[in-house]
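Note sheet for the following structure.
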Amino acid sequence: MNAADQDISREQRIWQVVASIPPGKVASYGQVAQLAGLGRGARLVGRTLHNLPRGTRLPWHRVINAAGRISLPAESQGHDLQKQRLEEEGVLFNVSGKINLSRFGWKP
DNA sequence: GATATGACCGCAA
DNA sequence: TTTGCGGCCATAT
């Protein structure tokens, strides 16, 4: 048993939670962390998603920060891709680039 | 081992 | 609204 095994368990839980997010809905990092049993390990969720391979099947674009905003830099490609995918699923952005969590927030 | 940083969160002022 | 503080976990120095 090494550190990698622990990491895999946590990553697996995070992946499971992220994969459970229905289309057209979004969840915050804290939400995912809580459901994955990580408590307040929101940072771990962010790190894990950042480490995802390019060809992943995971709907990582449905994970945003608590402010209803995309954490990635606006000039980053991931930001653009995330926004586009969300709009494809019907998630609308505010004029400020924010998402109405009361409407699109995932409620398990 | 200690310190700093990071796709962060929640609360208080 | 913004700012500051503590908390979580992994990685780098």
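In the text below, chain A, chain B and the rest are named by the order of the sequence lines, each starting its count at 1. Being a predicted model, the structure only gives us computed values, none of them experimental.
Taken from CG in Leu52(A) to CH2 in Trp60(A), the straight-line distance is 8.5 Å, to the nearest 0.5 Å. In this structure, CD1 in Ile70(A) is found 13.5 Å from NZ in Lys98(A), a value given to the nearest 0.5 Å. Leu49(A) CG to His61(A) NE2: the interatomic distance, rounded to the nearest 0.5 Å, is 11.5 Å.
On the C1' atoms, dG7(C) is 14 Å away from dG6(B), given to the nearest whole Å. Nucleotides dA7(B) and dT13(C) have their P atoms positioned 16 Å apart, rounded to a whole Å.
Looking at Glu89(A) and Lys25(A), no side-chain N of the basic residue comes within less than 4.0 Å of a carboxylate O on the acidic one, giving no salt bridge. A salt bridge links Lys83(A) with Glu87(A): at least one charged nitrogen is closer than 4.0 Å to a carboxylate oxygen.
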Going 5' to 3' along nucleotides 6-12 of chain B, which nucleotides have protein heavy atoms under 4.0 Å from the base (write B), which only from the sugar-phosphate (write S), and which from neither (write -)?
BBBSS--
